[in-house]
*Asks:* 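Dumping the structure here so I can ask a few things about it.
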Amino acid sequence: MANNYFVDRQGFYGPFGGAYVPEILYKCVHDLQDAYLPVIESDSFREEYESLLKDYVGRPSPLYYARRMSEKYGCRLYLKREDLNHTGAHKINNTVGQILLAKRLGKTRIIAETGAGQHGVATATVCALMDMQCEIFMGKTDVERQHTNVERMRMLGATVHPVLTGNMTLSDACSEAIRDWCCHPKDTFYIVGSTMGPHPYPDIVARMQSVISSEIKWQLREKTGRDYPDYLIACVGGGSNAAGTVYHYVDDERVRIVLAEAGGAGIHTGRTAATMHCGTEGIIHGARTLVMQTPDGQIEEAFTISAGLDYPGIGPMHANMARAGREQVLAVNDDEAIYAGYELTRMEGIIPAIESAHAVAALKKMTFRPDDIVVLTVSGRGDKDVETYLKNKSLAKEYGQF
Ligand SMILES: *Cc1c(COP(=O)(O)O)cnc(C)c1O
């Protein structure tokens, strides 16, 4: 039997996924499960969504042939430039779609969690666009670390709620957003930022991001004469830019998929965010998936230099594909990501988000044939990470002498 890597009727990807939510959210989540497909497959939704992707987000994002990096790695490397989107990353593809869904479901109040603040900014942006009330939950540690993004959200009209529980980071912000949702199930729509959370969120987010691979198809055909690559490479936090990158290639066995998760200080150091290397089965934020947890089921804190990959879980779609061998997962450590970020900057004139630099670093761990076509998604731009790069420039000695 062929594998089915997409969500089934019950909301599962193999053994992973589902919707493990408190009683009070049951109706809310159930209504969304019933409503989301008819809405997002309707002509009026597609029309409005596609028009906003084009004129507001700035799509299609370019597929750029990276000549110098291709020579260096001995392959034909194309970069999918999600860094050029409005607000600087792929996250806006998803928030534009979800706010249109929220509007069609008659919701008036938007909530969202955020770690680095990228999803918070992307959510606050579409709330300004649609004139909706916007409440963002963000761990206090992240509020302090990512101050510019907090100010951007406030400028866009959102209220930012610093979360004081747990480690005061992304995982705690998710829990707090779910708590708020429980108090306002009727009027509130929760815009989830990645392919995580209870069914149908992983599927909603994957569909919203799938525009990435539908563009790769025609762009590759235009540039190379065939519409599939030999390799797709993307970084994974919760898994949304990766899901978008692979979506239309999942069943095409000619295409090998390589994901880069954040190794932090290293997968054997205990200071890591490499969930697919170090996690075990458990439930986090409404889904059964791989989770970094203690033997008695307490969620462990994730460590990585990259605030956007700092999550102790992983979307159920990727947990399933990785286990089935459809996706190969590499752990990329902080120092490797920093180096790769400098390398892309100096060789192509593109400063990538530190998250995206993890994907770039995967190139070094792979071997190619000269005619291999490789598509690597640059999920976001590195403006927000300049300080981090500078602080760590000693890790990129060839490039860091300035
Ligand atoms: C949030 C973020 C990520 C990680 O999230 P995914 O859902 O795994 O894509 C990666 N890159 C950038 C630039 C981000 O902002």
Side-chain angles (χ1 to χ4, degrees), residues 61 79-95 98 112-123 125 138 142 146 148-149 152 169-171 173-174 191-197 201-202 204-213 232-247 259-262 273-276 285 287 289-290 302 304-319 321-322 327 329 332 337 340-341 344 350-362 376-385 388:
S61 67
L79 303 177
K80 183 59 174 159
R81 300 288 310 276
E82 294 301 302
D83 57 311
L84 295 177
N85 293 341
H86 181 42
T87 72
H90 66 292
K91 294 228 165 64
I92 190 90
N93 302 328
N94 170 49
T95 58
Q98 282 196 52
E113 85 295 343
T114 195
Q118 294 301 105
H119 176 57
V121 168
T123 302
T125 298
M138 186 173 188
D142 290 330
Q146 309 286 335
T148 329
N149 274 343
R152 287 168 82 195
T169 57
L170 175 59
S171 185
C174 293
I191 297 190
V192 173
S194 189
T195 40
M196 42 166 272
Y201 279 106
I204 291 177
V205 178
R207 284 168 186 266
M208 299 305 173
Q209 294 293 357
S210 71
V211 63
I212 298 173
S213 53
L232 286 168
I233 305 175
C235 66
V236 264
S240 71
N241 88 88
T245 300
V246 308
Y247 196 87
L259 303 183
E261 62 175 359
T275 311
M276 285 187 277
H285 302 126
T289 185
L290 296 172
T304 152
I305 198 163
S306 155
L309 303 179
D310 204 352
Y311 185 60
I314 173 69
M317 181 185 183
H318 298 297
M321 284 201 281
E327 294 180 330
V329 184
V332 169
L344 188 68
I350 296 168
I351 304 179
I354 188 75
E355 292 83 9
S356 320
H358 285 72
V360 178
L376 184 153
T377 295
V378 181
S379 53
R381 66 178 84 125
D383 306 31
K384 66 184 178 60
D385 299 314
T388 307

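Bear in mind the structure is a predicted one, so any value in this text is a computation, not a measurement. Atoms within each ligand, like the ligands themselves, are counted from 1 in listed order.
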*Asks:* By number and element, which atoms of ligand 1 are closer than 4.0 Å to a non-hydrogen atom of Ser194?
*Replies:*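 Near Ser194, meaning under 4.0 Å from one of its heavy atoms, ligand 1 has 6 (P), 7 (O).
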*Asks:* What do you reckon, does Lys91 have a nitrogen or oxygen under 3.5 Å from a nitrogen or oxygen of ligand 1?
*Replies:*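 Lys91 vs ligand 1: N/O contact under 3.5 Å present.
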*Asks:* As an exercise, identify every atom of ligand 1 less than 4.0 angstrom from a heavy atom of Gly239.
*Replies:*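 What qualifies from ligand 1 is 6 (P), 7 (O), 8 (O).
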*Asks:* Which atoms of ligand 1 are found less than 4.0 Å from any heavy atom of Gly237?
*Replies:*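 Near Gly237, the atoms of ligand 1 are 8 (O).
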*Asks:* Looking only at protein heavy atoms, which one is nearest to atom 4 (C) of ligand 1, and what is the separation?
*Replies:*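 The answer is Gly308 O, 3.3 Å.
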*Asks:* Do me a favour and list the nearest non-hydrogen protein atom to atom 12 (C) of ligand 1 with residue, atom name and distance?
*Replies:*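 Protein heavy atom with the smallest distance to atom 12 (C) of ligand 1: Ser379 OG, 3.5 Å.
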*Asks:* Give the atom numbers and elements of ligand 1 that come within less than 4.0 Å of a heavy atom of Gln118.
*Replies:*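 Result: 15 (O).
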*Asks:* From atom 9 (O) of ligand 1, work out which of Leu259, Asn85, Asn241 has a heavy atom at the shortest distance.
*Replies:*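 Comparing heavy atoms across Leu259, Asn85, Asn241, the nearest one to atom 9 (O) of ligand 1 lies in Asn241.
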*Asks:* Taking His285 for its side chain and Gly197 for its backbone only, find out whether a donor-acceptor pair lies under 3.5 Å.
*Replies:*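 Side chain of His285 to backbone of Gly197: no pair is present.
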*Asks:* Is the shortest N/O to N/O distance between Ala353 and ligand 1 below 3.5 Å?
*Replies:*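 In this structure, Ala353 places no N or O atom under 3.5 Å from an N or O of ligand 1.
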*Asks:* Which of the atoms in ligand 1, numbered in the order shown and given with their element, are less than 4.0 Å from a heavy-atom of Val236?
*Replies:*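 Reading through ligand 1 atom by atom, the close ones are 8 (O).
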*Asks:* Output the list of atoms in ligand 1 that are nearer than 4.0 Å to some heavy atom of Gly380, sorted by atom number.
*Replies:*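 Near Gly380, the atoms of ligand 1 are 13 (C).
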*Asks:* Can you tell me if Ser356 and Ser379 form a side-chain donor-acceptor pair at under 3.5 Å?
*Replies:*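 A donor-acceptor contact under 3.5 Å links the two side chains.
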*Asks:* Enter the distance from Ile204:CD1 to Gln209:CD here, rounded to the nearest 0.5 Å.
*Replies:*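 Ile204 atom CD1 to Gln209 atom CD measures 12.5 Å (nearest 0.5 Å).
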*Asks:* For atom 10 (C) of ligand 1, state which one of His318, Glu355, His358, Met196 supplies the nearest heavy atom.
*Replies:*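 Residue with the shortest heavy-atom distance to the ligand atom: Glu355.
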*Asks:* Rounded to the nearest 0.5 Å, what separation is found between the CD1 atom of Ile191 and the CE atom of Met208?
*Replies:*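 So the gap between those two atoms works out to 10.0 Å.
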*Asks:* Report yes or no: does Glu82 have a heavy atom closer than 4.0 Å to ligand 1?
*Replies:*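 Flag not set, Glu82 not near ligand 1.
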*Asks:* Out of curiosity, Glu113 CD to Thr169 OG1, how far, rounded to the nearest 0.5 Å?
*Replies:*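 The OG1 atom of Thr169 is 12.0 Å from CD of Glu113, to the nearest 0.5 Å.
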*Asks:* State, yes or no, whether a side-chain contact exists between Ile314 and Val236 at a heavy-atom distance under 4.5 Å.
*Replies:*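 Yes. Closest side-chain heavy atoms under 4.5 Å.
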*Asks:* Pairs of nitrogen or oxygen atoms closer than 3.5 Å, one from Gly238 and one from ligand 1: do any exist?
*Replies:*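 Yes.
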*Asks:* State which residue, out of Asn93, Thr377, Asn241, fulfils the side-chain hydrogen bond (donor to acceptor under 3.5 Å, both in side chains) condition with Glu82.
*Replies:*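 When Asn93, Thr377, Asn241 are each tested with Glu82, the side-chain hydrogen bond (donor to acceptor under 3.5 Å, both in side chains) holds only for Asn93.
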*Asks:* With heavy atoms under 4.0 Å as the rule, classify the contact between His119 and ligand 1 as side chain, backbone, both or neither.
*Replies:*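 Looking at His119 and ligand 1, no heavy atom falls under 4.0 Å.
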*Asks:* Can you confirm whether Thr148 sits close enough to Lys384 that some side-chain heavy atom of one is under 4.5 Å from a side-chain heavy atom of the other?
*Replies:*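 Side-chain contact under 4.5 Å: no.
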*Asks:* Provide the number and element of each atom of ligand 1 under 4.0 Å from a heavy atom of Ser240.
*Replies:*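 Ligand 1 atoms under the 4.0 Å threshold to Ser240: 6 (P), 7 (O), 8 (O), 9 (O).
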*Asks:* From Arg381 CZ over to Thr87 OG1, what is the distance, rounded to the nearest 0.5 angstrom?
*Replies:*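 With rounding to 0.5 Å, CZ (Arg381) is 7.5 Å from OG1 (Thr87).
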*Asks:* Flag Ser356 as yes when one of its N or O atoms lies below 3.5 Å from any N or O atom of ligand 1, and as no otherwise.
*Replies:*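 No, there is no polar N/O contact under 3.5 Å.
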*Asks:* Is there side-chain contact between His358 and Thr304, with heavy atoms separated by less than 4.5 Å?
*Replies:*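 Result yes, sub-4.5 Å side-chain heavy-atom pair found.
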*Asks:* Show which atoms of ligand 1 fall inside a sub-4.0 Å distance from at least one heavy-atom site of Cys235.
*Replies:*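 Atoms satisfying the 4.0 Å criterion: 10 (C).
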*Asks:* Which value, rounded to the nearest 0.5 Å, describes the distance between Thr114 atom OG1 and Asn149 atom CG?
*Replies:*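 With rounding to 0.5 Å, OG1 (Thr114) is 7.0 Å from CG (Asn149).
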